[in-house]
K.L.:
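The structure under discussion is supplied below as structure tokens; questions concerning it will follow.
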Protein chains: 2
Amino acid sequence: MEHAAQDESRFSRIQLRNRALILDAALEVFSAHGFRGATLDQIAAASGLSKPNILYYFDGKEDIHVTLLGQLMDRWLAPLREVDPAGEPLEELLHYVHRKLEMSRDYPRESRLFANEILQGAPRIGPHLESDLRPLVDWAAGLIQGWVDAGRLAPVDPMHLIFSIWATTQHYADFEAQIGVLTGADGVPEGADAHLEALFRRLLTP
Amino acid sequence: MEHAAQDESRFSRIQLRNRALILDAALEVFSAHGFRGATLDQIAAASGLSKPNILYYFDGKEDIHVTLLGQLMDRWLAPLREVDPAGEPLEELLHYVHRKLEMSRDYPRESRLFANEILQGAPRIGPHLESDLRPLVDWAAGLIQGWVDAGRLAPVDPMHLIFSIWATTQHYADFEAQIGVLTGADGVPEGADAHLEALFRRLLTP
DNA sequence: CCGGCTTTTGACCATTTGGTCAAGATACGA
DNA sequence: TCGTATCTTGACCAAATGGTCAAAAGCCGG
């Protein structure tokens with residue numbers, strides 16, 4: 001009912017363009033400074049629109065933030081949805097790891113936006129976690145447990161496995177500043193793919 | 001030279017007590033809302049002191065934040081310093097994992113404070129990372145590489161191994177809000193110790 | 001109990017910031 | 001081309017916020 005993305009036809013071309021401009025600028029600013037650290041003036045400057053104009057398209061700072069988080073949730077959970085119950089368990093999970101790492105490489109701002117929100121106790125995305133994330137994760141955990149029970153994976157706690165995959169992959173985006181100091185690399189440093197593949201292959205191989 | 005902790009004798013008893021009160025309150029507030037999200041009034045309320053009184057003990061909001069980060073850095077890096085070059089490689093590293101997880105359990109506020117700071121690009125702790133963290137990590141990486149070369153550990157990229165340990169352990173503190181939704185647990189959920197031990201034992205066993 | 005010091009505070013200030021509003025500019029179908 | 005609906009903005013506002021200051025209160029050795 002409230003899925004904003006599905007009826008984009010209700011927006012004029014100008015609205016579509018400017019809403020996209022604003023959301024992209026907001027992603028930049030929110031992910032770099034957090035919700036309270038970001039200002040409407042920064043978003044205005046980054047989007048090339050005036051502050052009152054931004055308030056014409058969104059009901060306020062919070063509205064922009066919530067809209068962003070809602071839109072991103074889909075993209076964020078996509079890799080987990082792609083896991084194929086009919087596939088080879090080990091390959092499916094390693095592919096998931098690979099896709100998640102790819103997300104850290106291609107969408108670090110999105111990763112940091114989520115991290116910021118969760119760090120502060122998920123005040124604005126909490127309901128989405130319950131309604132979107134939880135069912136999906138429960139489904140995935142059940143699937144993995146089934147694979148374990150069938151002896152197709154080494155015994156592992158599905159929930160903790162998922163946490164470990166999230167943690168290791170998102171770490172490269174969320175802690176990029178620290179990693180940069182230690183490796184000199186700018187984005188995800190060389191060897192991350194191979195390392196994570198080895199880590200989880202060894203854990204999961206029966 | 002600038003180590004504030006070493007000459008605590010220069011502070012009166014009242015100063016010692018109130019500075020501690022302020023720093024503890026600030027840790028609470030900063031870790032929950034980030035630097036810009038925290039206000040002096042919140043810190044004042046949480047510490048039981050008046051706002052001007054807080055400014056009597058610290059030069060400003062930023063001074064409190066920097067002081068906090070500096071103090072915490074020591075505690076934060078302690079587990080890595082405890083790794084014994086003369087010990088059994090696998091046991092030493094698994095013990096490090098265990099100690100880091102313990103930190104997430106016992107000092108989640110500290111973990112989130114660091115995470116907040118790094119997420120925003122380490123604007124205030126950057127120099128400390130260079131001067132304190134980097135040499136220590138380089139030392140540890142060299143140590144691990146030596147163990148690998150001696151065949152006492154499975155081949156592994158030391159830097160990525162360290163990142164994975166940080167990521168998986170700190171995840172339980174930094175993403176507690178998300179984990180709470182998914183597991184119902186309040187702090188670090190049951191089974192984290194066993195899971196991480198299995199994860200890294202399998203990776204590192206030659 | 002005194003005098004000097006440290007500590008505490010109420011009142012105040014300048015700036016930042018999210019948000020409003022009425023008027024002007026622009027797009028666009030008829 | 002015209003008129004209406006959409007879009008844009010300069011000026012403005014109230015609240016929040018980091019910080020100041022002079023005066024009051026408390027502490028403590030002599």
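Proteins get letters first, then strands, A, B, ... in listed order; numbering begins at 1 in each. Worth saying up front: this structure is predicted, and the values here are computed from it rather than measured. What's counted below: heavy atoms across the whole structure, side chains too, no hydrogens, waters or symmetry copies.
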K.L.:
To the nearest angstrom, how far is B:D59 atom CG from D:dT20 atom C1'?
P.N.:
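Taking CG of B:D59 and C1' of D:dT20, I get 13 Å after rounding.
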
K.L.:
In terms of the nearest nucleotide of DNA chain D, which residue is placed more toward the 5' end: A:N53 or B:K61?
P.N.:
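Of the two residues, A:N53 wins.
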
K.L.:
Expressed as a whole number of angstroms, how long is the span from B:H33:NE2 to D:dA16:P?
P.N.:
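Rounding to the nearest Å, NE2 of B:H33 and P of D:dA16 are 16 Å apart.
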
K.L.:
If only side-chain N and O atoms of B:N18 are considered, is one of them under 4.0 Å from the OP1 or OP2 phosphate oxygen of C:dT8?
P.N.:
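Checking B:N18 against C:dT8: at least one side-chain N or O falls below 4.0 Å of OP1 or OP2.
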
K.L.:
Would you indicate, yes or no, if D:dT8 has its OP1 or OP2 atom less than 4.0 angstrom from a side-chain nitrogen or oxygen of A:Y56?
P.N.:
no

K.L.:
For A:I54 and B:G37, take the nucleotide of DNA chain D holding the closest heavy atom to each; which residue's nucleotide lies nearer the 5' end?
P.N.:
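In this pair, the answer is A:I54.
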
K.L.:
Measure from CG on A:L16 to C1' on D:dT6 and round the result to the nearest Å.
P.N.:
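In whole Å, D:dT6 C1' and A:L16 CG are 15 Å from each other.
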
K.L.:
Could you work out which one of C:dG19, D:dT9, C:dT17 sits closest to the side chain of A:L55?
P.N.:
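When the side chain of A:L55 is considered, C:dG19 is the closest of C:dG19, D:dT9, C:dT17.
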
K.L.:
Quickly work out the B:I22 CD1 to D:dG19 P distance and round it to whole Å.
P.N.:
13 Å

K.L.:
Considering only NZ, NE, NH1 and NH2 on the basic side and carboxylate oxygens on the acidic side, decide whether B:R105 and B:E102 come within less than 4.0 Å.
P.N.:
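Judged by the 4.0 Å cut-off on N to carboxylate O distance, B:R105 and B:E102 do not form a salt bridge.
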
K.L.:
Is the terminal nitrogen or CZ of A:R19 (NZ for Lys, CZ for Arg) located under 6.0 angstrom from the six-membered ring centre of A:F58 and within 45° of that ring's axis?
P.N.:
yes

K.L.:
Let me know the distance between CD1 of B:I14 and P of C:dT7, rounded to the nearest Å.
P.N.:
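These atoms are roughly 6 Å apart.
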
K.L.:
With respect to the side chain of A:L40, which nucleotide from D:dT8, D:dG19, C:dG18 is positioned closest?
P.N.:
C:dG18

K.L.:
Does any part of the side chain of A:I179, heavy atoms only, come nearer than 4.5 Å to the side chain of B:M159, both counted from C-beta?
P.N.:
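Of all side-chain heavy-atom pairs linking A:I179 with B:M159, none is under 4.5 Å.
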
K.L.:
Establish, for the pair B:R75 and B:Y107, whether the NZ or CZ atom is under 6.0 angstrom from the six-membered ring centre and no further than 45 degrees off its axis.
P.N.:
yes

K.L.:
Among the candidates D:dG18, C:dG19, D:dT17, find the nucleotide nearest to the side-chain atoms of B:K51.
P.N.:
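In terms of side-chain proximity for B:K51, the closest of D:dG18, C:dG19, D:dT17 is D:dG18.
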
K.L.:
Out of D:dT9, D:dG18, C:dA11, which has the shortest distance to the side chain of B:P52?
P.N.:
C:dA11

K.L.:
Between the main-chain N or O of A:L94 and the side-chain N or O of A:R201, is there a donor-acceptor pair closer than 3.5 Å?
P.N.:
no

K.L.:
Give a yes/no on whether any side-chain N or O of B:Q15 is located under 4.0 angstrom from OP1 or OP2 of C:dT6.
P.N.:
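No, outside the criterion.
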
K.L.:
How long is the line joining CZ of A:F35 and C1' of C:dT17, in whole Å?
P.N.:
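Computing the A:F35:CZ to C:dT17:C1' distance gives 12 Å.
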
K.L.:
Students often get this wrong, so: under 4.0 angstrom with heavy atoms, is B:A44 touching a base, only sugar-phosphate, or nothing?
P.N.:
nothing

K.L.:
Quickly work out the B:R13 CZ to D:dG26 C1' distance and round it to whole Å.
P.N.:
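Value for this atom pair: 14 Å.
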
K.L.:
Tell me what A:R36 touches on the nucleic acid: a base, only sugar-phosphate, or nothing, going by heavy atoms under 4.0 Å.
P.N.:
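Sugar-phosphate only.
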
K.L.:
Please state how far atom CD in A:E62 lies from atom C1' in C:dG18, giving the value in whole angstrom units.
P.N.:
12 Å

K.L.:
Under 4.0 angstrom, heavy atoms only, what part of the nucleic acid is B:F58 near: base, sugar-phosphate, or nothing?
P.N.:
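The answer is nothing, as B:F58 stays clear of every strand by at least 4.0 Å.
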
